[in-house]
Amino acid sequence: MLRLIGVQPNVRGWRYIVDGVKLVAADEELAHHMTKELYPAIAAKHDTTTSRVERCIRHAIEWAYTNGNSDMLKHYLGNIAAYDKGKATNAAFIAGLASWCRE
């Protein structure tokens, strides 16, 4: 799905989004506890900091909304994006993709 959206594996944050989507697909509550639970879990797995995880995920989302396939973004994420800000939040992006994976 990330490739279809336009985020390639070489973009910073790819791996963190993949891990985040897997974790949220398994436990929906993590989408409501990004800072306290999800980012620390991803950071521990990759031996990095939670702030780097958050920043890299944000970078990948910005990349998707700037350079990606807008039709596929709308297909997978629908209206969850904050279009007044131009992109979805980290939590909304990951939760939207996780929802598709669960279905």
Side-chain angles (χ1 to χ4, degrees):
M1 288 186 332
L2 286 174
R3 285 189 179 141
L4 292 173
I5 289 171
V7 181
Q8 299 304 315
N10 64 327
V11 172
R12 292 183 314 166
W14 164 278
R15 186 76 240 159
Y16 301 152
I17 291 174
V18 170
D19 290 342
V21 168
K22 286 179 185 178
L23 290 168
V24 172
D27 181 4
E28 291 180 49
E29 283 300 307
L30 285 176
H32 303 289
H33 305 284
M34 300 286 285
T35 306
K36 298 284 185 186
E37 295 181 30
L38 186 63
Y39 294 154
I42 296 168
K45 180 177 179 182
H46 293 277
D47 193 31
T48 189
T49 65
T50 57
S51 62
R52 285 183 182 160
V53 169
E54 186 276 331
R55 186 173 56 245
C56 287
I57 290 173
R58 186 171 12 99
H59 171 78
I61 293 169
E62 287 172 3
W63 175 267
Y65 279 86
T66 304
N67 305 303
N69 183 330
S70 60
D71 291 335
M72 293 309 290
L73 277 166
K74 288 179 184 172
H75 174 72
Y76 285 117
L77 301 176
N79 293 326
I80 67 166
Y83 288 106
D84 57 326
K85 295 182 181 179
K87 64 179 183 69
T89 64
N90 288 7
F93 189 86
I94 289 174
L97 294 180
S99 175
W100 266 94
C101 289
R102 277 192 302 274
E103 292 174 8

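Ring geometry for Y16 against H46 counts as perpendicular: the plane angle is over 60°, on a 0 to 90° scale with 30° as the lower cut.
Counted within 6.0 Å of CD on E28, heavy atoms from surrounding residues, nucleotides or ligands total 12 or fewer; the atom is thus considered open. The 12-atom threshold is exceeded at CH2 of W14, counting heavy atoms of other residues, nucleotides or ligands nearer than 6.0 Å. Within a 6.0 Å sphere centred on CG of N10, heavy atoms belonging to other residues, nucleotides or ligands number more than 12. In the displayed structure, R15 atom CZ is contacted under 6.0 Å by more than 12 heavy atoms of other residues, nucleotides or ligands.
Expressed to the nearest 0.5 Å, how far OG1 of T89 lies from CD1 of I57 amounts to 11.0 Å. Distance check: R52 CZ to H59 NE2 gives 15.0 Å after rounding to the nearest 0.5 Å. One distance of note links CH2 of W63 with CD1 of I5; it measures 14.5 Å at 0.5 Å rounding. Note that NE2 of H75 and CE of M1 are 9.0 Å apart. Values are rounded to the nearest 0.5 Å. Note that CG of L73 and CG of L4 are 10.5 Å apart. Values are rounded to the nearest 0.5 Å. Going from atom CE of M72 over to atom CZ of R3 covers 14.0 Å, rounded to the nearest 0.5 Å.
W100 places no side-chain N or O within 3.5 Å of a backbone atom of L77 that could act as its donor or acceptor partner. R58 places no side-chain N or O within 3.5 Å of a backbone atom of G13 that could act as its donor or acceptor partner.
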Pair L23-D27, side-chain contact (heavy atoms from CB on, under 4.5 Å): steps then yes or no: CA-CA 6 Å; L23 290 168; D27 181 4; over 6 Å; no
Could you please spell out the steps behind the side-chain contact (heavy atoms from CB on, under 4.5 Å) verdict for M34 and I94? CA-CA 10 Å; M34 300 286 285; I94 289 174; 3.9 Å; yes
Stepwise, does the side-chain contact (heavy atoms from CB on, under 4.5 Å) test hold for T35 with T50? CA-CA 8 Å; T35 306; T50 57; over 6 Å; no
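The nearest pair of heavy atoms linking C101 to V21 is SG-CG1, 3.8 Å. Of all heavy-atom pairs between V7 and A64, the closest is CG2-CB, 3.4 Å. Taking all atoms of both residues into account, the shortest heavy-atom contact from A31 to A91 is O-CB, 3.9 Å.
None of N69, L97, D71 except one satisfies the side chain to side chain contact (heavy atoms under 4.5 Å, CB included) rule with Y76; the exception is L97.
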